[in-house]
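Reading through the structure tokens given below for one structure.
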Amino acid sequence: ETCLICNALEVDEASVKDRYLLEGDPHALIEGMAIAAYALGARIGIIVVNPSYRLARARLESAIAEARRHRRLGSNIRGGAFEFDLTVRSGPVGYAAGEESALVSFLEGKAGPRTLSPEAVAAGLNGYPTIVGNVETFVRVTTIPFGADQEDPLPTRLFTLEGTAVAGVVEVEVGTTLRDLVCGIGGTDARDIKAICIGGRMGGILSPDLLDTPLTQQSYKWLSIWPGTGLVTVLDQSTSILSWLQDHLRFAASESCGYCTPCREGLAQARMIGDKLGTSEGQTGDLAVLDQLSQYVRTSSMCSYGHAVPSGVTTALQHFGNEIREQVTAQQ
């Protein structure tokens with residue numbers, strides 16, 4: 001039988017949109033998962049919550065109990081033959097633990113990611129077909145227009161703004177530009193922006209020249225970034241992109257689960273190259289090696305962590321390559 005898993009770990013420490021949804025409207029998540037379960041023939045649902053989200057978990061468990069009392073969960077839902085119930089689990093600690101296939105392994109009492117696609121695991125939790133989605137995905141199921149088949153079927157999306165004059169969780173229409181998001185809603189002067197990071201630790205970094213880019217699936221593909229948790233971070237003019245890149249590489253290497261060689265060894269080598277760039281030993285030619293290494297990690301790693309993390313490197317070199325080369329040259 002099919003199992004639904006809701007990933008409510010929100011491992012990017014600055015992103016809080018899923019917590020916002022869990023605390024504000026837990027019934028929307030319950031309803032969305034129930035609709036998905038009915039469509040897929042699932043009877044089991046598991047919500048894995050960030051262990052620090054105590055208020056969110058308390059409200060979610062209260063909402064689940066209320067849904068059971070009103071025949072919205074459990075047996076004979078709404079007097080029919082449909083049966084579906086939810087359980088809540090505290091999730092593991094660690095950034096890579098939020099990767100979908102690693103989450104399935106955690107629920108089985110194992111460790112490490114899987115080689116199967118996390119979007120539709122044919123033999124996932126305990127060998128059953130398993131679908132993994134995040135909180136916003138399941139909540140949005142309740143608002144999908146009937147018959148929607150376009151690439152962006154949902155009219156809006158949530159983002160967490162960080163580093164802007166006005167920070168926090170915002171909801172914008174799909175197609176809203178970066179400028180409208182960080183300058184309009186975020187209240188930040190475009191002249192103060194050095195770079196914009198989209199997708200948190202697994203996303204990429206963009207130049208302010210791209211502020212007029214619409215936030216759509218097509219744009220994400222064109223920019224080679226993954227919006228992931230929906231975290232949008234604005235970096236001011238005092239930011240050193242080389243320092244940002246070094247921090248990104250250190251984090252990426254430290255959070256790799258180490259299960260597959262390309263990610264474990266590739267990110268470790270990338271971190272060493274990054275650290276060398278900040279010293280007199282660094283050479284501009286190291287940037288080409290770093291780019292090639294990032295491409296290798298992206299194409300050869302087993303899970304989506306290794307596929308996504310190199311975006312920070314490739315986009316930094318693409319949009320800020322000249323600045324990084326100047327900084328490396330200045331160290332020599």
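Note that this is a predicted model, so its numbers are computed, not measured.
Distance check: Y305 OH to M202 CE gives 7.0 Å after rounding to the nearest 0.5 Å. Rounded to the nearest 0.5 angstrom, I193 CD1 and T164 OG1 are separated by 9.0 Å. A distance of 8.0 Å separates CG of L60 from CG of L86, quoted to the nearest 0.5 Å. Expressed to the nearest 0.5 Å, how far CG of L29 lies from SG of C6 amounts to 4.5 Å. One finds the OG atom of S52 at 12.0 Å from the CZ atom of R57 (value rounded to the nearest 0.5 Å). The structure places SG of C263 at 10.5 Å from OH of Y296, a figure rounded to the nearest 0.5 Å.
In terms of heavy atoms, P208 sits closest to I196 at CA-CD1, 3.9 Å. Nearest heavy atom pair, residue C197 against residue L235, reads SG-CD1, 3.9 Å. L211 approaches A190 most closely through the heavy-atom pair CD1-CB, 4.0 Å.
Within the 4.5 Å cutoff, side-chain heavy atoms of V16 are placed close to those of V169. Using a 4.5 Å heavy-atom threshold, the side chains of F159 and L181 count as touching.
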Would you please test I47 and R89 for side-chain contact (heavy atoms from CB on, under 4.5 Å) and show each step? CA-CA 6 Å; I47 304 172; R89 293 276 304 273; over 6 Å; no
Test side-chain contact (heavy atoms from CB on, under 4.5 Å) applied to T315 and L223, step by step: CA-CA 8 Å; T315 54; L223 294 169; over 6 Å; no
Show your working on side-chain contact (heavy atoms from CB on, under 4.5 Å) between L103 and V48 and close with a plain yes or no. CA-CA 8 Å; L103 193 59; V48 187; 3.8 Å; yes
Check the pair E31, R78 against salt bridge (Lys or Arg N to Asp or Glu O under 4.0 Å), reporting the backbone distance first and the verdict last. CA-CA 13 Å; E31 181 182 356; R78 303 189 69 176; over 6 Å; no
Under the side-chain contact (heavy atoms from CB on, under 4.5 Å) criterion, do E162 and V234 qualify, and how do the steps go? CA-CA 6 Å; E162 179 188 41; V234 171; over 6 Å; no
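S300 contributes no side-chain N or O that, together with a main-chain N or O of V297, makes up a donor-acceptor pair within less than 3.5 Å. Between the side chain of H307 and the main chain of T299, no donor-acceptor pair closer than 3.5 Å is present. With hydrogens and angles ignored, the 3.5 Å screen pairs no side-chain donor or acceptor of D12 with any backbone N or O of S15. Put simply, the side chain of S62 never gets that close to the backbone of A58: no donor and acceptor are under 3.5 Å apart. Under a 3.5 Å cut-off, the side chain of T188 and the backbone N or O of A165 do form a donor-acceptor pair. Between the side chain of S219 and the backbone N or O of P214 there is at least one donor-acceptor pair closer than 3.5 Å. In terms of modelled atom types and a separation under 3.5 Å, the side chain of R72 and the main chain of H70 share a donor-acceptor contact. Judged purely by atom type and a 3.5 angstrom limit, R59 uses its side chain to pair as donor or acceptor with the backbone of E23. Looking only at distances, no side-chain donor or acceptor of E10 sits under 3.5 Å from a matching main-chain atom of N50. Using a distance-only test at 3.5 Å, with no hydrogens or angles considered, a donor-acceptor pair links the side chain of H248 to the main chain of V309.
Taking a cutoff of 4.0 Å between a charged side-chain nitrogen and a carboxylate oxygen, E171 and R140 qualify as a salt bridge. By the 4.0 Å N-to-carboxylate-O rule, D236 lies too far from K194 to be salt-bridged with it. Using a 4.0 Å cut-off between a side-chain N of Lys or Arg and a carboxylate O of Asp or Glu, K17 and E136 qualify as a salt bridge.
Defined by atom type and a distance below 3.5 Å, a donor-acceptor pair is present between the side-chain atoms of R298 and T314. Side-chain contact of R264 with T261: a donor-acceptor pair under 3.5 Å is present, judged by distance alone. A donor atom on one side chain and an acceptor atom on the other are not found under 3.5 Å apart for D291 and S294.
Every residue two or more places apart in sequence or in another chain was checked for a side chain to side chain contact (heavy atoms under 4.5 Å, CB included) with A288, and none qualifies. Listed by chain and number, the residues in a side chain to side chain contact (heavy atoms under 4.5 Å, CB included) with D189 are R191, D192 (sequence neighbours excluded). For D286, the salt bridge (charged side-chain N to carboxylate O under 4.0 Å, His left out) partners two or more places apart in sequence, or in a different chain, are K276. Checked against ring pair (Phe, Tyr, Trp, His ring centres under 6.0 Å), W226 has no partners two or more places apart in sequence or in another chain. Applying the side chain to side chain contact (heavy atoms under 4.5 Å, CB included) criterion to S243, with sequence neighbours excluded, gives S240, Q246. For R68, the salt bridge (charged side-chain N to carboxylate O under 4.0 Å, His left out) partners at least two apart in sequence or on another chain are D85.
In this structure, R201 forms a cation-pi arrangement with F251, its terminal cationic atom sitting closer than 6.0 Å to the ring centre and no more than 45° off the ring axis.
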